[in-house]
Amino acid sequence: PKGKGPQGKRITLKVAKNSVRVLFNGRRRLELSKMGIAIFPKCLLELADVEEIDLSRNMLRKIPNTIEKFKNLVWLDLHSNQIDELPAAIGTLQNLTYLNLCNNKLTTKGLPEELIKLKSLRILNLGLNCLETVPTTLGSLKELVELGLFDNSLTIIPKSVKRLPKLERLNVKRNPLPEFAKEDEPIDTIKRLESLYLVEKKDLCNPCLQTCQGERDELHMLQDMTPGLSEKPSFHSLITPNSTARDNQEEWRIK
């Protein structure tokens, strides 16, 4: 057999054309999600004028350099594939505002320097990959509003990325970052008793007696601060019992 790895489902030009949807905003989206595609179909080059492509949830390992043919591309969804690197040609997609690469096998080396040429990019999702570091050059993507870096192996986030001028959401959850390494343990406000000894007051030494008296005084203070039950609660919205219960109203009130 030619090539290595799974060949996946073969997509014909006819199938691709039938997968083009016109969105409410007038953009044309090529929807090929969950199609079992393992190799980027060459026939898609015949539809290189589309504005959006959805190739998510397939078996893609590589994105070819021919991606540069899609000059009008604004929206590209490649999440949940097996992509381990991006081509340098990704940087030619100057109109791209949305790029989803979540849940792939991308490493830091798999991110080309040309990624910083995507000056219009507003949303970039790199979560659920194999990134150990984040290129500081991502700090040049000044239009970024959302950046997903969750579920990687990151130990540091570059200051240039944290200080992106328009960044509103930065998701770095579930990374071995120092600031999340030591989480404060929940404080148990209830003192647990390990042992309880019952003795008479006369058998206590003076220090123990003073300690017990001090704790008793604190308990009395807390009791004084607690609202008493002497005040009868008022239930303004309580519905009057019906006629059947009215005969036994006093018993009903007690219950």
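Side-chain atoms are counted along with the backbone in the values below, which use heavy atoms only and exclude waters and symmetry mates. These numbers were taken from a predicted model, which means no experiment stands behind them.
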Could you go step by step and tell me if Leu44 and Leu32 meet the side chain to side chain contact (heavy atoms under 4.5 Å, CB included) rule?
CA-CA 11 Å; Leu44 299 189; Leu32 293 173; 3.7 Å; yes

Say whether, by atom type as modelled, one donor and one acceptor occur between the side chain of [X] and the main chain of [Y] under 3.5 angstrom.
X      : Y      : result
Asn81  : Leu55  : yes
Asn104 : Leu78  : yes
Asn95  : Leu73  : no
Glu51  : Arg28  : yes
Asn171 : Gly148 : no
Asn129 : Gly127 : yes
Asn152 : Leu149 : yes
Asn58  : Met35  : yes
Arg27  : Phe24  : no
Asn125 : Asn100 : no

Can you find a pair of side-chain heavy atoms, one from [X] and one from [Y], that are under 4.5 Å apart?
X      : Y      : answer
Ile83  : Ile63  : yes
Gln82  : Leu60  : no
Pro165 : Glu143 : no
Leu93  : Leu118 : yes

For Leu101 and Leu86, run side chain to side chain contact (heavy atoms under 4.5 Å, CB included): C-alpha distance rounded to whole Å, both residues' side-chain angles, the deciding distance at 0.1 Å, then the answer.
CA-CA 10 Å; Leu101 292 160; Leu86 293 175; 3.5 Å; yes

More than 12 heavy atoms of other residues, nucleotides or ligands under 6.0 Å from CD1 of Ile156: is that the case?
no

Is the number of heavy atoms from other residues, nucleotides or ligands within 6.0 Å of CD (Gln94) greater than 12?
yes

With salt bridge (charged side-chain N to carboxylate O under 4.0 Å, His left out) as the test, would you mind laying out the steps for Glu146 and Arg122 before giving the verdict?
CA-CA 7 Å; Glu146 294 185 19; Arg122 292 175 55 83; over 6 Å; no

Let me confirm one number: the [atom1]-[atom2] distance from [X] to [Y], rounded to the nearest 0.5 Å.
X     : Y      : atom1 : atom2 : value
Lys69 : Ile67  : NZ    : CD1   : 12.0 Å
Leu99 : Ser120 : CG    : OG    : 12.5 Å
Ile53 : Leu76  : CD1   : CG    : 6.0 Å
Cys43 : Lys17  : SG    : NZ    : 10.0 Å

Among Lys62, Arg61, Lys109, which residue satisfies the side-chain hydrogen bond (donor to acceptor under 3.5 Å, both in side chains) criterion with Glu85?
Lys62

Between the side chains of Ser56 and Ser33, is a donor N or O closer than 3.5 angstrom to an acceptor N or O?
yes

List the steps, then state whether side chain to side chain contact (heavy atoms under 4.5 Å, CB included) holds for Val74 with Tyr98.
CA-CA 7 Å; Val74 175; Tyr98 175 94; over 6 Å; no

For the side-chain contact (heavy atoms from CB on, under 4.5 Å) test, which of Ile123, Asp54, Thr97 pairs with Trp75?
Asp54

Measure up the Phe40 and Phe70 rings against each other and bin them: parallel (under 30°), tilted (30 to 60°), perpendicular (over 60°).
perpendicular

